Amino acid sequence: MTSLVELLTYLSVSLSSLSMAELKLLGSWPSPFSYRVIWALKLKGIPYEYIEEDLSNKSPLLLQHSPVYKKIPVLLHAGKPICESMIILEYIEEFWPQIPLLPFDPFQRAIARFWVKFADDKIPAMWIVYRSSGKEQEKAMKDTVEMLRVIEEHALGSKKFFGGEEIGMVDIAFGQIAEWLGVIEEIVGVKLLEDHTFPRLHAWILNFKEVPVIRDNLPDHHEMFVFFKRRRELLLSSSQDQ
Amino acid sequence: MANSSSTDVKVLGAWPSPFVIRVRIALNIKSVKYEFLEETLGSKSQLLLQSNPVYKKIPVLIHGGKPISESLIIVQYIDEVWSSGPSFLPSDPYDRAIERFWAAYVDDKIFPSMKLINTAQGEEKAAIVEQVTEGLVLLEEAFQKSSKGKAFFGGDRIGFLDIAFGSMLGWLRAIEKMGGVKLLDEAKTPGLVQWAESFCADGAVKGIIPDTEKLVEFAKILVKMKGAPLGKN
């Protein structure tokens with residue numbers, strides 16, 4: 001008969017061997033969604049293998065493990081795939097609770113999840129600004145500014161980060177506003193996030209990018225500019241050919 | 001928590017909304033008494049505007065005066081707060097991720113496409129029905145994997161994904177009736193056909209999902225008001 005001590009030892013060894021098990025991230029260097037997962041893993045000090053996907057030529061590995069959406073990021077943990085960046089983050093949070101990214105209190109957690117959902121609902125507008133023109137782009141610009149206004153008024157309060165004194169899941173969810181929005185603004189030639197109109201967001205961006213894990217894990221700004229500019233030209237010219 | 005008075009828990013909602021239905025089923029499963037505050041069609045109460053200033057939408061759960069919005073977030077909150085009741089999400093983090101994935105799929109793909117069926121015609125309608133059916137076949141596969149031969153996605157008991165998808169069944173049947181289409185069928189989605197019956201018969205669900213006829217009538221009212229049977233949720 002196994003003693004309780006032996007049983008507990010067995011369980012803790014099994015769990016730790018799973019937590020040490022192979023962790024792979026399928027990502028794409030210009031993608032902000034990739035970075036959400038990278039930031040979470042790095043903040044928690046979890047080692048992983050990064051696999052760069054060529055999205056113009058998707059690998060069998062990606063297609064096998066993300067059959068529904070065929071998108072990155074995909075996290076593979078001991079061979080099992082998890083898709084959708086914020087679902088991946090909830091998984092990481094549950095499996096590796098150290099350096100928590102969500103509040104402990106259920107009500108505060110619900111608030112955090114609310115803003116994560118808001119980020120995913122509204123951020124697409126800035127990408128529509130990027131890849132469209134004319135009336136469609138005008139509407140997308142209005143939607144983006146409205147998103148920024150809501151965040152400025154309702155989400156940050158007087159806190160340094162959405163997560164409080166330290167960054168958390170909401171900061172990570174909004175991360176693309178801190179870097180990718182600027183690239184889009186430069187390429188399209190508009191200013192949507194004016195510093196004096198959005199003082200809280202402006203301060204948050206500066207603080208966010210000073211966090212070592214964030215500062216050391218951002219794509220090169222110039223390389224991004226070149227990549228996204230070229231891609232935009234292709235997108236706009238192909239839509240005109242129709 | 002178990003001894004909270006019923007005025008401690010309020011739900012701002014409306015009887016036809018599948019998103020509101022999620023919250024009511026979740027509270028029923030946890031045996032939580034609540035006050036149901038019905039919003040009037042066509043107008044939004046001061047309480048709603050104050051409680052959900054960002055989206056101004058139902059459902060909103062107000063617990064001890066604190067508002068929580070977004071149906072799936074509310075369901076997770078209910079699961080976490082009333083933790084002595086049966087839990088909705090499985091204990092394994094991977095299984096939780098799978099349930100969250102499919103719940104989001106219902107919201108992002110299945111329900112929005114379903115809504116389009118009744119305004120679409122001809123080839124466009126056939127294409128949308130095809131899309132929804134394909135999506136339901138994916139859910140059938142997920143059901144087979146997740147239920148492991150039991151009645152629900154959650155196994156023996158209704159879980160998070162059951163609540164997320166099951167709440168749509170009233171409208172699914174109404175849309176089938178109005179559109180003269182079959183979305184869940186014995187041939188392509190046999191597991192889900194059985195699951196739908198089990199779900200709707202469950203004690204926590206009975207009386208919460210409106211009758212198909214009532215929803216069809218309601219859809220007609222919406223068409224008159226907004227020109228489309230189902231406005232934004």
Side-chain angles (χ1 to χ4, degrees), chain A residues 14-15 18-19 21 23 37 65-69 71 74-97 102-122 124 146-147 149-155 169-170, chain B residues 1 19 23 50-57 59-83 89-110 112 134-135 137-139 141-142 145 160 232-233:
Chain A
S14 305
L15 283 173
L18 187 57
S19 75
L23 197 57
V37 183
H65 290 302
S66 178
V68 176
Y69 294 116
K71 283 188 184 173
V74 178
L75 188 72
L76 282 167
H77 189 199
K80 296 202 285 193
I82 303 110
C83 304
E84 296 297 289
S85 59
M86 295 320 296
I87 292 177
I88 294 172
L89 258 61
E90 289 260 13
Y91 176 83
I92 291 170
E93 177 73 356
E94 285 168 5
F95 211 93
W96 292 277
L102 279 175
F104 184 71
D105 170 68
F107 178 69
Q108 295 301 331
R109 286 162 82 90
I111 301 294
R113 286 182 172 134
F114 175 88
W115 289 112
V116 165
K117 179 143 203 299
F118 178 86
D120 276 351
D121 283 349
K122 303 295 179 186
E146 176 59 19
M147 168 188 73
R149 189 196 64 77
V150 170
I151 299 170
E152 179 78 17
E153 262 183 53
H154 293 278
M169 212 173 275
V170 180
Chain B
M1 288 297 171
F19 304 97
V23 174
Q50 272 168 23
S51 308
N52 188 359
V54 173
Y55 287 113
K56 306 175 177 54
K57 283 185 190 173
V60 180
L61 180 77
I62 305 180
H63 183 205
K66 297 193 287 195
I68 302 110
S69 309
E70 293 298 306
S71 62
L72 294 180
I73 293 173
I74 296 171
V75 171
Q76 287 181 87
Y77 173 82
I78 291 168
D79 204 19
E80 289 170 13
V81 167
W82 286 279
S83 51
L89 279 168
S91 49
D92 179 74
Y94 187 75
D95 294 336
R96 292 159 78 96
I98 297 298
E99 291 220 354
R100 285 182 171 127
F101 177 88
W102 290 112
Y105 185 80
V106 168
D107 278 356
D108 293 343
K109 298 288 175 196
I110 303 275
E134 277 170 14
V137 167
L138 288 179
L139 273 166
E141 282 168 29
K145 276 192 202 142
F160 181 75
K232 290 190 147 203
N233 47 289

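So that the names make sense, note that chain A is the first sequence line, chain B the second, and so on, each numbered from 1. Not measured: the values here are computed from a predicted model.
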When the 4.5 angstrom heavy-atom criterion is applied to B:Tyr55 and chain A, the contacting part is side chain

State, yes or no, whether a side-chain contact exists between A:Trp115 and A:Val150 at a heavy-atom distance under 4.5 Å. yes

State, to 0.1 Å, how close B:Tyr94 and A:Pro81 come at their nearest heavy-atom pair, and which atoms those are. OH-O, 2.8 Å

Answer yes or no: is there a side-chain heavy-atom contact under 4.5 Å between B:Val106 and B:Leu139? yes

Mind ranking B:Val54, B:Ile68, B:Ile74 by heavy-atom pairs under 4.5 Å with chain A and telling me who comes out on top? B:Val54

Counting the benzene-type ring for Trp, do B:Phe101 and A:Tyr69 have ring centres under 6.0 Å apart? yes

Heavy-atom distances under 4.5 Å only: say whether A:Val68 touches chain B with side chain, backbone, both or neither. side chain

Is the side chain of B:Lys66 donor-acceptor paired with the backbone N or O of B:His63 at a distance under 3.5 Å, no angle test? no

Top of A:His154, A:Met86, A:Glu84, A:Glu90 for chain B proximity - count of heavy-atom pairs under 4.5 angstrom: A:Glu90

A:Arg113, part contacting chain B, at a heavy-atom distance under 4.5 Å: both

Taking the six-membered ring where the residue is Trp, are the ring centres of A:Phe95 and A:His77 under 6.0 Å apart? yes

Contacting moiety of B:Arg96, where chain A heavy atoms sit under 4.5 Å: side chain

Heavy-atom contact with chain B under 4.5 Å, split by part of A:Pro67: neither

